[in-house]
Number of protein chains: 2
Amino acid sequence: MATADRILDIAENLVQTRGYEAFSYADISAALGIRKASVHHHFATKAELTRAVAARYRGVFADRLRALEREFPDPTRRLMRYLRLFQEALHDGDHMCLYGMLASDTQTLPAAVRDEVLGFFADQEKWLTGVIAAGRAAGEFRFDGKPAGTAAALFAGLEGAMLVARARGDVPYFAAVALRLVGALTSGG
Amino acid sequence: MATADRILDIAENLVQTRGYEAFSYADISAALGIRKASVHHHFATKAELTRAVAARYRGVFADRLRALEREFPDPTRRLMRYLRLFQEALHDGDHMCLYGMLASDTQTLPAAVRDEVLGFFADQEKWLTGVIAAGRAAGEFRFDGKPAGTAAALFAGLEGAMLVARARGDVPYFAAVALRLVGALTSGG
DNA sequence: GTCTATAAGATGATAGAC
DNA sequence: GTCTATCATCTTATAGAC
């Protein structure tokens with residue numbers, strides 16, 4: 001495995017656990033066993049490194065969503081698998097969603113990273129809107145108003161559930177809240 | 001107004017906009033117009049300063065909830081006013097909920113501050129549980145399961161809506177998502 | 001209570017040898 | 001690609017004068 005990829009793996013974990021401000025080249029150097037200068041050789045600046053982490057994760061997640069579309073034609077099952085992706089991102093309850101974490105650092109974030117965060121949020125709302133609209137058309141979901149509004153509320157709910165779950169180190173809390181959000185938003189009046 | 005209180009005001013704003021890791025004694029010194037050493041005279045360590053900010057805000061918010069109970073006996077109106085408190089915390093779309101922001105810094109937070117964060121979350125879930133239970137008893141709300149579960153989902157949803165809204169600088173987004181969460185969670189099956 | 005001065009350490013980043 | 005060495009700057013925090 002290439003050094004650049006190992007650096008991205010380590011940086012991804014550091015951002016998810018500590019955030020943009022609280023991780024450093026020294027952390028990566030220690031975890032990988034090479035000097036700080038060597039890390040800079042692969043990613044010259046922290047802005048470029050974090051942008052690369054964000055862009056890679058976004059692509060990986062988009063691939064996973066496409067896989068869900070292939071494997072789970074049923075909207076309800078597709079949505080349940082989507083919840084599982086979020087729960088997996090929590091790891092043992094000590095990782096925040098990469099983009100939720102970066103969002104909390106919005107004010108100090110390099111512009112290119114912020115663009116990836118907003119792009120990821122837009123990706124998720126668009127995908128969820130499609131699933132929810134298909135579910136209503138199939139008679140599986142019931143809700144008022146446009147699908148986009150329900151999708152936005154569901155996505156925000158999942159981000160908040162991850163934020164609180166990680167503060168508590170409580171994965172079952174996330175699972176319970178996520179299920180209730182889906183239940184309330186897709187079987188309402 | 002006492003210097004200590006002005007320091008707390010400035011620190012509160014800095015935590016809500018930049019987070020625990022990204023604010024410094026130098027920021028407070030510049031905003032207040034006194035030297036860093038003078039800030040340390042009032043709050044010896046960053047841990048103690050942040051703990052004081054967190055404890056004060058928690059008390060103020062608890063007072064506001066008690067005021068809502070006095071002024072709005074109707075559960076639906078009480079809940080709508082609760083949403084307004086969250087929206088006000090967003091300011092112009094550039095402030096995160098103080099505790100949501102600190103929650104994102106969980107891993108690097110002093111233990112005393114983390115305790116305040118978890119205490120605030122518990123406060124909010126308990127209060128919301130009471131409002132929701134009263135609303136169901138009064139025939140205003142309809143939902144399955146225990147009130148505590150619905151309260152947890154609503155609170156998480158509001159935190160997530162604030163996180164995403166601030167990243168976008170979009171207050172109307174928060175208002176729309178908050179209303180939909182309340183609608184779905186309190187008028188469901 | 002506020003100041004000047006200072007400390008010890010971390011930060012992101014660069015130059016240049018191997 | 002990795003290293004040593006170095007840089008300017010920032011961080012939290014303290015000592016002691018006024």
Side-chain angles (χ1 to χ4, degrees), chain A residues 1-56 101-102 104-114 116, chain B residues 1-56 101-102 104-114 116:
Chain A
M1 189 182 194
T3 303
D5 290 322
R6 274 188 283 172
I7 291 171
L8 290 176
D9 287 346
I10 293 164
E12 183 179 295
N13 261 282
L14 286 167
V15 173
Q16 284 190 259
T17 52
R18 305 173 61 87
Y20 179 77
E21 291 294 329
F23 93 91
S24 71
Y25 275 73
D27 295 327
I28 296 169
S29 165
L32 188 51
I34 66 175
R35 297 294 179 167
K36 283 195 300 173
S38 306
V39 181
H40 276 285
H41 170 76
H42 295 279
F43 298 96
T45 66
K46 191 178 180 180
E48 168 53 19
L49 168 58
T50 310
R51 191 209 58 76
V53 169
R56 187 183 68 157
M101 184 63 95
L102 290 171
S104 77
D105 295 316
T106 288
Q107 189 125 350
T108 51
L109 225 51
V113 182
R114 200 160 51 234
E116 291 291 338
Chain B
M1 188 182 195
T3 303
D5 290 323
R6 274 188 283 173
I7 292 171
L8 289 177
D9 287 346
I10 293 164
E12 183 180 296
N13 261 282
L14 286 167
V15 173
Q16 284 190 259
T17 52
R18 304 172 63 86
Y20 179 76
E21 290 294 328
F23 93 91
S24 71
Y25 274 74
D27 296 326
I28 296 169
S29 166
L32 187 52
I34 66 174
R35 296 295 180 166
K36 286 192 296 175
S38 306
V39 181
H40 276 285
H41 171 75
H42 294 280
F43 297 96
T45 67
K46 191 177 181 181
E48 168 53 19
L49 168 56
T50 310
R51 191 210 58 77
V53 169
R56 186 182 69 155
M101 184 62 96
L102 290 171
S104 77
D105 295 316
T106 287
Q107 190 126 349
T108 51
L109 225 51
V113 182
R114 199 161 52 233
E116 291 290 338

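Each chain gets a letter, A, B and so on, in the order the sequences are listed, and its residues count up from 1.
Summarising the geometry of A:R114 relative to A:T106, their closest heavy-atom pair is NH1-O, 3.1 Å, with the distance given to 0.1 Å.
Screening A:T17, A:T50, A:I7, A:V53 for a side chain to side chain contact (heavy atoms under 4.5 Å, CB included) with A:E12, the sole residue that qualifies is A:V53.
Taking the 5' to 3' direction, DNA chain C first and last meets chain A under 4.0 angstrom from a heavy atom at C:dT11 to C:dA15.
Between the side chain of B:R18 and the backbone N or O of B:F23, no donor-acceptor pair lies under 3.5 Å. Checked by atom type and distance alone, the side chain of A:K46 pairs as donor or acceptor with a backbone atom of A:Y20 at under 3.5 Å. Put simply, the side chain of B:N13 never gets that close to the backbone of B:I10: no donor and acceptor are under 3.5 Å apart. Side-chain atoms of B:D27 come within 3.5 Å of backbone N or O of B:S24 as a donor-acceptor pair.
For A:Y25, the ring-ring contact (aromatic ring centres under 6.0 Å, His included) criterion is met by A:H40, not counting sequence neighbours. For B:Q16, the side-chain hydrogen bond (donor to acceptor under 3.5 Å, both in side chains) criterion is met by no residue, not counting sequence neighbours.
Residues from residues 18-29 of chain B placing a heavy atom under 4.0 Å of any atom in DNA chain D, listed by number, are B:F23, B:S24, B:Y25, B:A26. Taking a 4.0 Å limit (strictly below) on heavy-atom distances, residues 33-49 of chain B reaches DNA chain C at B:I34, B:R35, B:A37, B:S38, B:H41, B:H42. Of the residues in residues 2-12 of chain A, those with a non-hydrogen atom less than 4.0 angstrom from any atom of DNA chain D are A:T3.
For the pair B:E21/A:T108, no side-chain contact is recorded, criterion being any heavy-atom separation below 4.5 Å from C-beta on. Residues B:K36 and B:V39 fail the side-chain proximity criterion, which asks for heavy atoms closer than 4.5 Å.
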Give the intermediate values and the outcome of side-chain contact (heavy atoms from CB on, under 4.5 Å) for residues B:D105 and B:V15.
CA-CA 10 Å; B:D105 295 316; B:V15 173; 5.9 Å; no
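Around the CZ atom of B:R35, the shell of radius 6.0 Å holds no more than 12 heavy atoms that belong to other residues, nucleotides or ligands.
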